[in-house]
Amino acid sequence: MAIGDSLELMIESLAKGGDGIGRAPDGRVVFVPLVAPGDKVRVKVVEEKSGFLRADLDTVITRSLLRVT
């Protein structure tokens with residue numbers, strides 16, 4: 001994974017602070033703001049560290065039933 005790469009993720013849970021947590025294909029944790037557990041999303045990597053990635057939300061593919069309007 002590199003900065004600018006797109007990924008499809010399933011958001012598993014929320015981290016302290018509210019970012020969603022998903023897993024990249026290489027197993028690293030991906031932190032994504034503005035998502036809910038259960039969302040399937042497409043994201044763009046904006047920061048890469050050895051143990052985790054940060055990404056911005058591009059598209060919500062499937063919305064979680066936990067989302068509220």
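Because the structure is a prediction, the values reported are computed rather than measured.
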Which atom of [X] lies closest to which atom of [Y], heavy atoms considered:
X     : Y     : answer
Val43 : Leu57 : CG1-CA, 4.2 Å
Glu12 : Arg23 : OE2-CG, 3.4 Å
Ala55 : Pro33 : O-CD, 3.2 Å

Is a donor on one side and an acceptor on the other found under 3.5 Å between the side chain of Ser64 and the backbone of Pro37? yes
Given the rule in the side-chain contact (heavy atoms from CB on, under 4.5 Å) test, do Glu8 and Ile61 qualify, once you have shown the distances and angles that lead to the verdict? CA-CA 9 Å; Glu8 282 190 14; Ile61 298 167; 3.6 Å; yes
Does [X] reach the side chain of [Y], with side-chain heavy atoms less than 4.5 Å apart?
X     : Y     : value
Ile11 : Val41 : yes
Asp26 : Met1  : yes
Phe31 : Ile21 : yes
Thr62 : Val60 : no

Carefully, step by step, assess Asp5 and Lys44 under the rule side-chain contact (heavy atoms from CB on, under 4.5 Å). CA-CA 6 Å; Asp5 285 353; Lys44 183 173 278 190; over 6 Å; no
Residues pairing under salt bridge (Lys or Arg N to Asp or Glu O under 4.0 Å) where one sits in residues 56-69, two or more places apart or in two chains, turn out to be Asp39-Arg67
Please report the C-alpha distance between Val45 and Arg54 in whole Å, then the side-chain angles of each, then the deciding distance to 0.1 Å, and finally whether the side-chain contact (heavy atoms from CB on, under 4.5 Å) criterion is met. CA-CA 6 Å; Val45 176; Arg54 291 195 188 277; over 6 Å; no
Going through the distances and angles, do Lys40 and Leu9 end up as a side-chain contact (heavy atoms from CB on, under 4.5 Å)? CA-CA 6 Å; Lys40 183 175 181 180; Leu9 304 173; over 6 Å; no
